[in-house]
Amino acid sequence: MVEKWAILGNTLTGLLILWTVIRQYFPFHPETILIKYIRKLTSFIYPYVHIEIPEDTDEYLKRSEAYAAIAAYLSASCSQRAHSLRAEFDKDSTKPVLSMDDHEEVTDEFEGTTFWWSSSKSTRQAQVLWYPTQEEKRSYRLTFHKSNRQLVLDSYLTHVLKEGREVGIRNRRRKLYCNNPSSNWGGYRSKVWNHVAFEHPSSFDTLAMDPGKKREIMKDLDTFREGKDYYAKIGKAWKRGYLLYGPPGTGKSSMISAMANFLDYDVYDLELTTVKNNVELRKLFIETTSKSIIVIEDIDCSLDLTGKRKQKSKKEEDKSEEKKNLPPGPEEEEESKVTLSGLLNFIDGLWSACGGERLIVFTTNHIEKLDPALIRRGRMDKHIEMSYCCFEAFQVLAKNYLDVDSHPLFGAIRDLMEEVKITPADVAENLMPKSVDEDAGSCLENLILAMNKAKEEEASKQAQASIEEIVEREEKNGAKEEETSTHPMCNGEKMDGEKKSTGSRANGVQ
Ligand SMILES: Nc1ncnc2c1ncn2[C@@H]1O[C@H](COP(=O)(O)OP(=O)(O)OP(=O)(O)O)[C@@H](O)[C@H]1O
Ligand SMILES: [Mg+2]
């Protein structure tokens, strides 16, 4: 009996070894063959193909763009056909955004062919830190007949994604982003940009400036928006830089809002002083989306970017040599800041081409303080001067604030505007009625009063300045005379020279 068991054991061991050898050297997998035949049989009885599009991507917590586009595409058609819908109400909006509810199915027609879309949701237990939570996974499933496989791959899916993206852009609420300090980047679900809905009402209609200049800017923006193919043809990243410069209160920030409203773009307001270094700056850039305006306000105050690309002084070099020998401390961390070359790379380095369709706008009150490399054409392609209020700009403000196209006081205002420098912000403030009793006439009178006051102040300032100049000149002359009278040994040649130079200076002032 024992012998028989031993023989059986040996035979089984032999068979197992033989099976392992066969599996290793021959591609003979009965289970795969079985699945293959089951699939063939099912496709014979059930000739439909499925494509699954999950909501999540491989990237950490990032929603699939394709999933969002499909949701937008289906929302346009599903509200007519689906039985179960989900409605989301945006803040301040009475119109709901409809989408297909979970486990719902709709049909879609394309080039005479029917396609079926269904949405599904599965939940699974997940562990976030020590707390078990329910994780939901959503996906869309496209079903079509196997004879339409080529149609789906060649054109249907492209059509769905393109239409969906367009619907998504039409339906979206535009956003105003600001950068999160990097100390907050590490946390769960933390983002590098925070956002609120963009609601600034400034537009090119409300913007007061020279009408010709305004038209030119609008045309420029239009050309940019339509320029995708052109930029590709000339081998340039699809982006454009604008430098807005001028005194405070001349409408630089208002212009940015007008641009965003005109183009229907999001706005990223980048606070450079909270960006620690060039790597963070690049990360922030990569996280911006296309169809957006990236703004750095008061660029001259944001960083020490003035003058030439900074050359270290001898003192600074010595200091940094000393520091090299010390371990990095908190002070050093503080000093690690964005450099001019980091900013130049941000504007037109290799990374700047990611995503495309972006405007980069800098504003400054002091263009003369900026490094020429930063604002050269190609980086800041268009320089726009926002200046003091001219009569045409005043007319726009009068129409907006008082709803008047003409008024007997307009003539006086036109004359004053040629003499007095007044910002659109000051004009706007004077035109705004401060009580219900104030009408257009009294507001315009307020403006005339303000301009007359500014004119008087300007005149007294000039008078004061010329008095100071005369006093200074006389003091200098007196000092020179004293000098020559206390140097009796001076020869005549020198005295002549001094006399000449004093005379010429006096002429210069005249
Ligand atoms: N060109 C303009 N058209 C219409 N309104 C203007 C214009 N300029 C200024 N204003 C009015 O003045 C206010 C301040 O303007 P804005 O903030 O755009 O000026 P700014 O040039 O950005 O000033 P700063 O250099 O101080 O940032 C705006 O809210 C707006 O009401
Ligand atoms: Mg501003």
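Order of listing sets the numbers, starting from 1, for every ligand and every atom in it. None of the values given here were measured: they were computed from a predicted structure. All residue numbers refer to positions in the sequence shown, counting from 1. Hydrogens, waters and symmetry mates play no part in the numbers below; they use all other heavy atoms, side chains included.
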Worksheet item: Which residue and non-hydrogen atom of the protein lie closest to atom 5 (N) of ligand 1, and at what distance in Å?
Response: Leu397 CD2, 4.0 Å
Worksheet item: What do you reckon, does Gly251 have a nitrogen or oxygen under 3.5 Å from a nitrogen or oxygen of ligand 1?
Response: yes
Worksheet item: Is Arg414 close enough and on-axis enough to Phe394, meaning under 6.0 Å and within 45°, for cation-pi?
Response: no
Worksheet item: If hydrogens are left out, which of Pro247, Ser254, Pro201, Pro248 has an atom nearest to atom 15 (O) of ligand 1, that is, the closest non-hydrogen atom?
Response: Ser254
Worksheet item: Looking only at N/O atoms, are Gly249 and ligand 1 under 3.5 Å apart anywhere?
Response: yes
Worksheet item: Quick one: which ligand 1 atoms are inside 4.0 Å of a heavy atom on Thr206?
Response: 3 (N), 4 (C)
Worksheet, complete the sentence: Ranking Met432, Met209, Lys252 by closest non-hydrogen atom to atom 20 (P) of ligand 1, top hit is Lys252
Discussion item. Does Arg376 have more than 12 heavy atoms from other residues, nucleotides or ligands lying within 6.0 Å of its CZ?
Written reply: yes
Response to the item:
atom 1 (N) of ligand 1 sits nearest the protein heavy atom Ala208 O, 2.8 Å
Worksheet entry | N, O or S from Ser253 under 2.8 Å to the Mg ion (ligand 2) | yes
Worksheet entry | Donor-acceptor contact present, side-chain Asn278 to main-chain Thr339, <3.5 Å | yes
Worksheet, complete the sentence: Of Val267, Val295, Asp266, the one forming a side-chain contact (heavy atoms from CB on, under 4.5 Å) with Leu176 is Val267
Practice prompt. Indicate the ring-plane relationship of Trp117 and Tyr140, choosing parallel, tilted or perpendicular according to the 30° and 60° boundaries.
Written response: perpendicular
Worksheet item: Do we see a donor-acceptor contact under 3.5 Å between the side chains of Arg358 and Thr288?
Response: yes
Worksheet, complete the sentence: So the atoms of ligand 1 within less than 4.0 Å of a heavy atom of Asn365 turn out to be 25 (O)
Worksheet item: Heavy-atom contact under 4.0 Å between Tyr401 and ligand 1?
Response: yes
Fill in: Ligand-side contact atoms (ligand 1) for residue partner Pro424, heavy atom cut-off under 4.0 Å
1 (N), 2 (C), 7 (C), 8 (N), 9 (C)
Item to complete: Give the contacting part of Asp298 toward ligand 1: side chain, backbone, both or neither, where contact means a heavy-atom distance below 4.0 Å.
Response: neither
Worksheet item: Is any side-chain N of the basic residue among Arg174 and Asp264 closer than 4.0 Å to the acidic one's carboxylate O?
Response: yes
Practice prompt. Might you confirm whether atom NZ of Lys399 has over 12 heavy atoms from other residues, nucleotides or ligands at distances under 6.0 Å?
Written response: yes
Discussion item. One thing to verify: whether Asp222 and Arg225 come together as a salt bridge, which I'm taking to mean a side-chain N less than 4.0 angstrom from a carboxylate O.
Written reply: yes
Discussion item. For atom 27 (O) of ligand 1, what's the nearest protein heavy-atom neighbour? Residue, atom name and distance, please.
Written reply: Ser253 OG, 4.1 Å
Worksheet item: Where is the nearest protein heavy atom to atom 11 (C) of ligand 1: which residue, which atom, and how far?
Response: Ala425 CA, 4.0 Å
